[in-house]
Amino acid sequence: MSSENGQGGGGAAGEGAPPEQLALIRESVRQAKAPRAKPRTWRGAALAEELPVARVLVDKGVLHLDRYFDYAVPAELDADAQPGVRVRVRFGAGRGRVREGRREGGGLIDGFLIERLAASDYSGPLAALAQVVSPEPVLSQELLGLARAVADRYAGSLADVLQLAVPPRNARAEQRPSPAPLPPPGAPEAGSWARYERGGAFLDSLAAGGAPRAVWNALPGPEWSEALARAVAATLASGRGALVVVPDGRAAARVDAALTALLGEGRHALLTADAGPEKRYREWLAVRRGSVRAVVGTRAAMFAPVQDLGLVALWDDGDDSHSEQHAPQPHAREVLLLRAAQDKCGFLMGGWSCTVEGAQLVESGWARPLVAGREQVRRSAPLVRTVGDQDLARDEAARAARLPTLAWQTVREGLRHGPVLVQVPRRGYVPRMACAQCRAPARCRHCSGPLEARDGGAVGGSLWCGWCGREEGAWHCPECGSFRLRAQIVGARRTAEELGRAFPAVPVRTSGREQVLDTVPGTPALVVSTPGAEPVAEGGYAAALLLDGWAMLGRPDLRAGEDALRRWIAAAALVRPQGDGGTVVVVAEPTLRPVQALVRWDPVGHAVRELAERAELGFPPVSRMAAVSGTAEAVAAFLEAVELPREAEVLGPVPVPAGPAGRPRRAGAPPPGEQWERALIRVPPGRGAALAAALKAAQAARMARASRAPRGGEDVVRVRVDPPDIG
DNA sequence: AGCACGCCGACT
DNA sequence: GTCGGCGTGCTC
């Protein structure tokens with residue numbers, strides 16, 4: 001069916017007219033209502049002879065607009081208007097004004113050209129493409145397919161995902177040609193992969209063009225980045241590309257260095273947030289154009305358009321920085337899983353610890369475990385000792401000072417041989433308070449927020465609520481009636497001061513969010529750090545002290561145990577092996593499951609047990625959950641309207657506690673002064689896609705209505721698939 | 001969001 | 001008759 005490319009008639013639209021003016025005269029209302037002999041007519045413009053229709057994704061993240069629109073391709077844009085390019089189109093403005101015989105649409109907005117077609121299935125007349133922004137085809141079929149899958153998985157819009165996947169255009173970066181690609185390197189030696197039972201086989205499979213899938217429990221120590229580099233090199237040797245996603249810039253720099261050491265310059269790109277927009281786009285283009293076949297980067301790199309992908313790899317998937325902050329908040333693990341499935345490429349998910357999701361991938365048979373033997377683990381890991389309540393009770397010194405005797409001894413002994421790491425769970429000087437007797441957290445009597453001591457943690461001073469800011473003058477424990485408080489978590493600086501005074505001859509360094517140290521020398525020093533900011537010590541730490549473990553485990557979160565274990569292991573993995581005197585002391589109850597897993601150095605076993613428990617309780621990731629939040633009326637109306645799959649189960653809604661005052665509001669938290677509710681929706685395994693589809697459909701319907709409502713927005717709900725904080 | 005279409009009441 | 005308020009629906 002070829003469409004009629006009518007020419008002439010619109011003499012006013014001369015060849016010099018801007019393309020958007022080539023849009024058509026709208027048929028009169030009467031004609032539109034009459035049965036249409038010729039379904040559409042383009043007049044006034046010379047259109048492309050072949051495939052005169054462009055299917056366009058309009059770049060507006062609104063759900064009811066999450067579909068394609070067809071535009072006519074003017075002849076002069078024919079050559080550039082190829083699939084994948086950025087375009088600008090007139091959009092909106094109702095049916096358009098008819099002025100001087102030409103229709104003028106609404107404002108110019110951006111979009112992506114999805115495909116060229118011979119005819120449109122739209123029954124009205126088409127507007128013309130206004131502009132091809134640049135001929136660079138930034139949106140490949142693969143990337144489009146991935147973005148579509150991610151949008152579906154997270155009940156989000158394609159436009160939202162594309163905003164995450166395609167960086168903003170930069171003309172200067174685009175003009176510059178990318179370098180010529182280097183030929184594939186030879187296959188690498190096994191290196192540290194030889195320490196794993198199936199490590200060599202995994203590497204061989206990649207080098208031979210295979211697509212092995214593995215969940216890798218990495219041995220403690222610094223070799224992980226080199227191992228990732230070898231997996232990349234093996235994939236490149238097969239003539240394919242590779243992608244590595246890591247949680248932060250420091251980890252990216254390590255893998256970058258390992259890749260440079262193994263392959264030299266020019267074979268890989270580093271995609272991180274701290275490069276400027278031009279450099280970032282230039283690197284991204286080099287990847288898209290096939291000049292560079294390997295990528296390492298932080299979460300935004302999960303969409304990197306690596307050509308002929310042979311391997312996707314993810315390091316430390318339990319780190320919450322793998323969760324994208326922007327809608328629809330996809331997690332790098334899930335994106336790379338979708339990518340591996342779609343591109344039928346290799347998959348490698350590694351870490352010193354193991355998430356429940358990792359255990360699930362192995363248990364389901366989708367991936368194979370890549371682990372070292374117990375003997376190898378024992379040789380690589382430090383000795384782990386615990387200090388529990390019983391020890392503390394017996395320990396007079398511990399009651400006076402904050403540190404138990406074993407901890408003192410370990411630090412003193414460690415400092416004779418090298419640096420000692422002290423991990424404290426929270427930065428800053430402001431401690432949160434708990435009952436000194438029963439350790440129940442001290443909470444605000446008005447809003448249940450955490451009470452904090454503002455004056456440097458002096459017990460007996462005044463208390464303030466961290467959420468609503470009210471002062472608490474006469475606290476007593478609602479659980480046991482005690483009037484005594486203790487600092488639940490003492491900040492890094494205070495601990496550093498205490499330890500510094502105790503070991504005056506030793507330098508104290510701190511690493512935390514405001515200043516992260518990358519490495520420290522192998523000389524004796526106290527290194528006080530918050531989780532995730534631990535510097536790497538040259539030659540490894542002689543010892544590590546993991547403080548306030550019970551506070552870390554006390555969080556009312558599904559992942560509290562897994563998280564605590566992951567953070568402890570991340571610190572302990574920087575300590576020398578037991579054979580070289582490496583010792584770790586954790587102040588936590590030895591009977592608790594994560595503590596036992598640390599002592600035995602068995603994060604996989606821990607994850608497997610957690611997985612079994614989650615399956616039994618119907619928790620994610622075994623079942624899938626979504627959170628719907630908003631005002632009580634909005635949530636109720638949404639739940640009324642949504643057509644959930646049969647098996648779906650609605651939990652709640654329950655009131656959402658007000659977010660901490662003053663601090664920037666997280667998505668899903670109510671705006672100041674508004675009371676929100678949240679419902680959880682749960683579906684059994686295999687019904688996640690149906691749930692997401694139902695949520696998306698209901699949201700689209702409601703958004704369309706909400707935009708019409710007076711003071712629109714009040715009945716809009718927030719939908720989040722895989723909510724991160726399930727108590 | 002933004003705009004046009006159309007139905008219905010009020011006014012020249 | 002015709003003007004215009006606002007409820008509804010569409011945007012190629």
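Residue numbers start from 1 in every chain, and the chains themselves are labelled A, B, ... in the order their sequence lines are given, proteins ahead of strands.
C:dC12 has A:Y122 stacked on its base ring, the centres lying under 5.5 angstrom apart and the planes within 30 degrees of parallel.
One atom, CZ of A:F69, and another, P of C:dC10, lie 11 Å apart when rounded to the nearest Å. Rounding to whole angstrom units, CD1 of residue A:I109 and C1' of C:dT11 are separated by 9 Å. Counting to the nearest Å, the C1' atom of B:dC3 and the CZ atom of A:F91 are 12 Å from each other. The distance between atom CZ of A:R116 and atom C1' of C:dC12, rounded to the nearest whole Å, is 15 Å. A straight line from CG of A:L57 to C1' of C:dT11 spans 14 Å, rounded to a whole angstrom. Rounded to whole Å, atom P of C:dT11 lies 10 Å from atom OH of A:Y71. Atom CG in A:L117 sits roughly 12 Å away from atom C1' in C:dC12 (whole-Å rounding). Following rounding to the nearest Å, A:Y68 (OH) and C:dT11 (C1') show an atom-to-atom distance of 18 Å.
Between A:H331 and A:H322, the two ring planes are tilted [angle within 30° to 60°].
Looking only at side-chain heavy atoms (C-beta outward), A:Y154 and A:D722 come within less than 4.5 Å of each other.
Salt-bridge annotation for A:R116 and A:D78: present, with a side-chain N of the basic residue lying under 4.0 Å from a carboxylate O of the acidic one.
With no hydrogens or angles considered, a side-chain donor-acceptor pair links A:R289 and A:S178 at under 3.5 Å.
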